[in-house]
Amino acid sequence: HTHRAGIRQHGKGFRQAAFQEYSRLSIMLRNLLAWVPVCGAGIANAAQMGAADLPDYEPVQVVIADAPPTTPFIIGERWSMGGNFGARIRYDRSAQDSGNTAEAVTLLPQGQFALLYDDPGYFRFFTSIKAAKDVLVHTSHSQSARDMEMDLDEFYARWQSTPALSVTLGRARMTDSRNWIYGNSENKNDSLQILYRDRRRTLQFSIIGKDVFPRDLMAADVLRESVNLVGVYAQSYMDALRDSAIALVQDDETPGKKADRRYAGLRARGTLLGHFRYWADTIFLRGRASGQNLRANAFDTGLVYTAPVWSEPRVVLSYAHGSGDPEPGDGADGRFHPTGLGDNKHQYGGVSRFKYYGEALDPALSNLHVFTVATGARFSERQSLDLVYHQYILDTSSDALYASGFNQYTTGPSRDVGDSLDVIYGYKDRNAFEIELLASFFRPGSAFAVDLDDNVRLGFREKYNFSPRKH
């Protein structure tokens with residue numbers, strides 16, 4: 001009888017767990033279906049508008065989003081310069097700790113200057129300075145605009161002793177697929193990079209710091225005392241598979257944030273059947289911070305299908321998870337802490353790079369499950385449209401939500417954080433205009449104690465790249 005009772009109890013627990021998983025998947029499916037008419041209408045209208053321009057299908061080239069200014073003006077032997085000017089206007093509405101909703105409309109005019117010295121195959125020096133000023137057009141709460149900034153965006157020298165070996169010193173972009181671990185397209189990291197790359201293998205060693213050198217040339221920056229040692233080995237097997245092993249040691253001596261973190265990860269990239277692209281990233285965290293031992297992990301995997309027809313319509317499915325801490329205060333921290341060096345921005349095949357965990361919420365991959373379904377199209381070499389849906393579920397209700405775009409704590413016991421929809425349109429002409437339209441909506445779920453208004457972010461960005469007159 002005792003044995004049978006144990007079996008019945010075990011079966012009951014299994015059914016309860018299965019029901020909880022079914023409930024979570026049902027919430028995701030229901031919320032996703034609510035967005036389907038919006039997504040379908042957007043794709044249909046965009047395809048209708050562009051069909052007359054490109055009647056036949058031809059594969060389009062990849063455009064690197066957020067690339068530095070080109071330098072088309074020759075000013076001397078091996079010296080050239082360039083620049084751009086633009087503006088961004090953004091509307092933000094977000095819930096606050098008090099339960100109130102804050103609104104703000106911000107205008108950000110911006111200019112950028114770039115200078116390049118290039119001795120191909122031997123030496124390269126590049127610097128880019130960005131001037132910007134926040135202008136608060138409207139705000140519903142006490143918020144001050146930023147002063148005029150003169151941002152040292154990039155500043156580096158690169159030596160190349162052989163075609164395969166290079167050394168880079170300074171503030172420069174780093175090759176990190178999806179900017180998941182150490183790549184950052186906006187606030188570039190200061191680093192020493194030693195890179196060896198041939199047809200099949202890549203070997204990289206880097207010493208990375210965040211704001212080791214001043215960033216704002218018009219203000220006294222607070223420099224950080226954080227050193228990161230990164231080693232990467234990557235191997236390619238034809239075009240179908242490229243796998244990598246990554247090790248990162250982080251020694252953070254910033255007052256109040258001292259930590260010794262050690263990351264080890266594996267990643268894979270490749271193609272399947274010609275039209276499918278996939279990625280898989282996993283990383284483990286060990287070390288010590290705030291008097292606790294760290295034992296956490298995270299992974300991100302996804303699949304992209306691109307149809308070989310005009311506009312290259314694509315469908316994206318992905319799932320990401322960052323572990324939470326089920327027992328806070330037990331001396332061990334199971335919550336995954338991202339490195340703080342990446343910015344989680346990528347492009348699925350369009351011309352615009354965006355935050356692939358959601359623009360309005362902008363969560364850290366910590367104590368969180370993120371389910372993503374996306375679609376998009378590339379109407380020409382210069383323009384694209386992306387529609388991205390996310391469902392968010394806490395890993396453990398005993399831990400909090402960590403997100404830069406949301407100032408509310410979850411209270412449990414529900415783990416349904418909510419869902420979001422992003423719509424991104426981009427037009428990029430590196431020799432003239434660039435335009436980007438963004439609409440991002442986050443709908444809070446039942447994990448919060450009170451009913452909250454949706455988070456909304458609407459943005460428009462325009463940029464003009466200076467280039468010589470064409471004859």
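Just so it is clear, the structure is predicted and the values come from calculations on it, not from any experiment. Quick note: residue numbers are just sequence positions, from 1. Just so it is clear, the values below take in all heavy atoms, side chains as well, and ignore hydrogens, waters and symmetry mates.
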Point-to-point distance, once rounded to the nearest 0.5 Å, from CZ of Arg335 to OG1 of Thr396: 12.0 Å
Where Ala172 and Glu154 come nearest, the two heavy atoms and their spacing: CA-OE1, 4.2 Å
CA sep, side-chain torsions, deciding dist, call: Asn344, Tyr356, side-chain contact (heavy atoms from CB on, under 4.5 Å): CA-CA 6 Å; Asn344 295 337; Tyr356 50 76; 3.4 Å; yes
Parallel, tilted or perpendicular, as decided by the 30° and 60° cut-offs, for the rings of His321 and His369: parallel
Pairs involving residues 296-306, ordered by first then second residue, that meet salt bridge (Lys or Arg N to Asp or Glu O under 4.0 Å) (sequence neighbours left out): Arg178-Asp300
Distance, nearest 0.5 Å, that separates CG of Leu116 from OG1 of Thr70: 10.5 Å
Heavy-atom closest pair, residues Phe442 and Asp419: CD1-O, 3.4 Å
pair Phe371-Leu317: side-chain heavy atoms closer than 4.5 Å: no
Over all atoms of both residues, closest heavy-atom pair of Asp176 and Trp180: OD2-N, 3.2 Å
Ring geometry between Tyr263 and Phe336 (parallel below 30°, tilted from 30 to 60°, perpendicular above 60°): perpendicular
Exercise: identify the closest heavy-atom pair between Trp279 and Val316: CH2-CG1, 4.1 Å
salt_bridge(Arg173, Asp153) N-O dist < 4.0 Å: no
Interatomic spacing from NE2 in His337 to CG in Leu365 - rounded to 0.5 Å: 12.5 Å
Validation row, ring centre Phe155 to ring centre Phe125 under 6.0 Å: yes
Flag for Tyr233-Gln235: side-chain donor and acceptor within less than 3.5 Å: yes
Backbone N/O of Arg382 and side chain of Ser380: donor-acceptor pair under 3.5 Å: yes
Main-chain N/O of Pro163 paired to Gln160 side chain as donor or acceptor, under 3.5 Å: yes
Between Gln112 and Ser128: side-chain donor-acceptor atoms closer than 3.5 Å: yes
Asp454 bridged to Arg443 by N-O distance under 4.0 Å: no
Polar side chain donor-acceptor pair, Ser290 to Gln292, under 3.5 angstrom: no
Pair Arg314-Asp386, salt bridge (charged side-chain N to carboxylate O under 4.0 Å, His left out): steps then yes or no: CA-CA 9 Å; Arg314 58 187 172 274; Asp386 289 276; 2.8 Å; yes
Heavy-atom donor-acceptor pair, Asp395 side chain to Asn367 backbone, under 3.5 Å: no
Audit row: Lys188, Asp151, salt bridge (charged side-chain N to carboxylate O under 4.0 Å, His left out) steps and yes/no: CA-CA 11 Å; Lys188 286 81 176 176; Asp151 187 7; over 6 Å; no
Heavy-atom side-chain proximity of Lys463 to Asn465 below 4.5 angstrom: yes
Lys/Arg-Asp/Glu bridge criterion (N-O < 4.0 Å) met for Arg457, Asp92: yes
Parallel, tilted or perpendicular: rings of Phe299 and Tyr319 (30°, 60°): perpendicular
Check: Ser420/Tyr392 side-chain N/O donor and acceptor closer than 3.5 Å: yes
Audit row: Leu438, Phe354, side-chain contact (heavy atoms from CB on, under 4.5 Å) steps and yes/no: CA-CA 9 Å; Leu438 166 71; Phe354 51 87; 5.8 Å; no
Arg88 and Phe460: CA distance, side-chain angles, deciding distance, side-chain contact (heavy atoms from CB on, under 4.5 Å) verdict: CA-CA 6 Å; Arg88 182 189 71 194; Phe460 170 78; over 6 Å; no
Can you give the donor-acceptor pairs under 3.5 Å from side chains of residues 202-209 to other protein atoms, not counting sequence neighbours?
residue	atom	partner	partner atom	Å
Thr202	OG1	Arg242	NH2	2.6
Gln204	NE2	Ser206	OG	3.0

Side-chain touch Arg261/Leu294, heavy atoms, less than 4.5 angstrom: yes
Audit row: Glu436, Lys428, salt bridge (charged side-chain N to carboxylate O under 4.0 Å, His left out) steps and yes/no: CA-CA 8 Å; Glu436 192 170 274; Lys428 307 278 184 181; 3.6 Å; yes
Thr271 side chain vs Gly274 backbone, donor-acceptor pair below 3.5 Å: no
Donor-acceptor pair, side chain of Asn228 and main chain of Asp251, under 3.5 angstrom: no
Distance (rounded to the nearest 0.5 Å) between Gln383 CD and Arg378 CZ: 9.5 Å
Any Leu248 side-chain heavy atom under 4.5 Å of Leu229 side chain: no
Min side-chain heavy-atom separation Leu368-Val370 under 4.5 Å: yes
Donor + acceptor pair across side chains of Asp422, Ser440 (<3.5 Å): yes
Expected output: side-chain Ser323 to main-chain Asn297 donor-acceptor under 3.5 Å: yes
Sidechain-backbone polar pair: Arg353 side chain, Tyr348 backbone, donor-acceptor under 3.5 Å: no
Value rounded to 0.5 Å, distance of CZ in Phe276 from OG1 in Thr306: 9.5 Å
Closest contact, heavy atoms only, Ser366 versus Pro338: CB-CD, 4.5 Å
Flag side-chain contact, heavy atom, 4.5 Å: Ile181 against Arg267: yes
Distance, nearest 0.5 Å, that separates OG of Ser236 from CG of Leu241: 8.0 Å
salt_bridge(Arg262, Asp260) N-O dist < 4.0 Å: yes
Pair Tyr425-Leu387, side-chain contact (heavy atoms from CB on, under 4.5 Å): steps then yes or no: CA-CA 9 Å; Tyr425 169 81; Leu387 297 98; over 6 Å; no
Backbone N/O of Asp330 and side chain of Glu327: donor-acceptor pair under 3.5 Å: no
Heavy-atom closest contact (Leu152 atom, Arg171 atom, distance): O-NH1, 2.8 Å
Test log, rule side chain to side chain donor-acceptor pair (under 3.5 Å), inputs Gln391 and Asp416: CA-CA 9 Å; Gln391 175 74 38; Asp416 177 22; 3.2 Å; yes
Sub-4.5 Å side-chain heavy-atom contact between Leu195 and Gln193: no
Short side-chain donor-acceptor distance under 3.5 Å, Tyr156 and Arg124: yes
Exam field: side chain Gln250 to backbone Thr339, donor-acceptor pair closer than 3.5 Å: yes
